Amino acid sequence: MKKWFIALAGVLLTFTLAGCGSKTVATTNGGKITESAYYSSLKGTSSGKQVLQQMILNKVLEKEYGSKVKKSAVTKQFNQYKAQYGSSFSSVLAQSGMTQSSLKTEIRSNLLLKEAVKDNVTVTDAQLKKQFKSYEPEVTVAHILVSKKSTANTVISDLKSTKKSNLTSEFTKLAKKYSTDTATKNKGGKLSAFDSTDTSLDATFKKAAFKLSTDEFTTTPVKTQYGYHVILMLKNPGKGTMNQHKAELKKQVLDNDMNDSTVLHNVVAKVLKKGNVSIKDSDLKNILSDYLSSSSSSTTASSSSK
């Protein structure tokens, strides 16, 4: 199944499939192209059908969950993307065939779908227990990255001889002196907070970091594809018990469901059936058959539908 929330790059999302007529959309020395001709041509393509599916779903989702997705939530996620890509943000959008406006539309569609998943999927205790096994709370660390193991051992030796009360300040000095990570070396090696769901950091790095308590550092160099790291734990609240983190664990399970095609298929089927969709164009009457058949509402292996 196609992921509904993936940007439809290269497709004219602004084209309205309903209400087309004889209005001319382009002229050539060989004749004109009308809206109706364009519509007839587009609706026969997979891209055109995908646009109509998305438009139908968005209408139904907006009716059912529009009040739950605030403009501020869309803006927040948009700004996160903008900050992530920095100066290359505009070029990344262009390469994806998108504008800032169409990206915001896609973000809203994704958030609406997430609300539908929350409303139609029951998270079981068994799922929470499974998620808790790999769960680690959000931690904040600093690191020093070097190219040689011997250099990392020199840093570790220095830290071992440092008083605990001076550990952070000494680490800051060592980061500035030794670290090859230009993005953090002048900030004491501090990284953005992360938890077990983070996908941007090396798995070996995260595993070593999660073993540390607050104010502890790795006593052996941590090797990754980037070199050798010395990691200092600045803040680790501790894993605690499952009951203390039920809300976060549920959120993580639902986030996983947003990447599960089977779960999404079943949720979309339920939403569309509730939306009382009627296709008026006979050529497109089967466009939602994959979702409106009786088999579409079966429960999934990972989550049980309400």
Side-chain angles (χ1 to χ4, degrees), residues 76-77 79-89 91-92 95 129-242 244-245 248-249 251-253 255-256 259:
K76 180 181 179 181
Q77 198 168 113
N79 289 336
Q80 288 174 345
Y81 284 129
K82 194 172 183 179
Q84 178 183 346
Y85 290 103
S87 59
S88 62
F89 180 62
S91 62
V92 170
Q95 289 168 14
K129 289 177 181 178
K130 181 179 178 181
Q131 190 67 22
F132 186 65
K133 287 181 180 179
S134 61
Y135 172 79
E136 292 290 349
E138 190 172 81
V139 300
T140 305
V141 307
H143 83 129
I144 296 171
L145 174 64
V146 295
S147 58
K148 295 181 179 180
K149 186 176 181 179
S150 58
T151 307
N153 281 323
T154 297
V155 171
I156 291 170
S157 179
D158 193 315
L159 292 173
K160 285 181 176 180
S161 62
T162 302
K163 290 182 179 180
K164 193 170 184 178
S165 58
N166 299 328
L167 195 58
T168 303
S169 59
E170 182 64 20
F171 197 91
T172 298
K173 293 177 184 176
L174 293 171
K176 190 171 184 179
K177 181 179 179 180
Y178 291 108
S179 187
T180 59
D181 182 356
T182 56
T184 65
K185 68 177 299 175
N186 292 320
K187 299 187 294 184
K190 187 176 180 180
L191 295 171
S192 298
F194 60 91
D195 61 18
S196 50
T197 65
D198 177 89
T199 57
S200 63
L201 294 172
D202 184 277
T204 303
F205 182 96
K206 289 191 296 181
K207 184 177 181 180
F210 290 136
K211 290 179 179 180
L212 301 172
S213 298
T214 302
D215 293 330
E216 285 186 346
F217 58 90
T218 50
T219 55
T220 57
V222 179
K223 185 180 180 181
T224 70
Q225 59 182 310
Y226 306 106
Y228 295 89
H229 306 258
V230 180
I231 307 170
L232 172 66
M233 179 58 68
L234 300 175
K235 183 181 179 181
N236 187 345
K239 186 167 181 173
T241 65
M242 189 184 82
Q244 291 174 314
H245 302 289
E248 180 61 24
L249 291 170
K251 178 180 178 299
Q252 290 183 5
V253 171
D255 284 344
N256 291 337
N259 291 307

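These values consider heavy atoms only, across backbone and side chains, with no hydrogens, waters or symmetry-generated copies. Source: prediction; values computed, not measured.
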Please check if the side chain of [X] supplies one atom and the backbone of [Y] the other of a donor-acceptor pair under 3.5 Å.
| X | Y | answer |
| --- | --- | --- |
| S196 | E136 | yes |
| T172 | T168 | yes |
| T162 | L167 | no |

Do we see a donor-acceptor contact under 3.5 Å between the side chains of D195 and T197?
-> yes
Does a donor on one side chain and an acceptor on the other come within less than 3.5 Å for H229 and T218?
-> no
Closest approach of A208 to L212 (non-hydrogen atoms, all atoms of both residues) = O-CG, 3.6 Å
What pair of heavy atoms forms the shortest contact from G188 to A175, and how long is it?
-> C-CB, 3.9 Å
Nearest 0.5 Å, what's the [atom1]-[atom2] distance between [X] and [Y]?
| X | Y | atom1 | atom2 | answer |
| --- | --- | --- | --- | --- |
| K149 | K223 | NZ | NZ | 8.5 Å |
| F217 | K160 | CZ | NZ | 7.0 Å |
| D215 | L232 | CG | CG | 7.0 Å |
| S192 | K190 | OG | NZ | 9.0 Å |
| N256 | K251 | CG | NZ | 10.0 Å |
| T224 | L145 | OG1 | CG | 6.5 Å |

Just say parallel, tilted or perpendicular for the rings of H245 and Y135, cut-offs at 30° and 60°.
-> tilted
Report the C-alpha distance between Y178 and T154 in whole Å, list the side-chain angles of each, state the deciding distance to 0.1 Å, and finish with yes or no for side-chain contact (heavy atoms from CB on, under 4.5 Å).
-> CA-CA 10 Å; Y178 291 108; T154 297; 3.9 Å; yes
List the steps, then state whether side-chain contact (heavy atoms from CB on, under 4.5 Å) holds for F194 with V141.
-> CA-CA 9 Å; F194 60 91; V141 307; 3.8 Å; yes
Check whether more than 12 heavy atoms from other residues, nucleotides or ligands sit under 6.0 Å from atom CZ of F89, and answer yes or no.
-> yes
Check against side-chain contact (heavy atoms from CB on, under 4.5 Å), F171 and V230 | CA-CA 10 Å; F171 197 91; V230 180; 4.1 Å; yes
K239 to F132 six-membered ring, cation-pi geometry met (6.0 Å, 45°) | yes
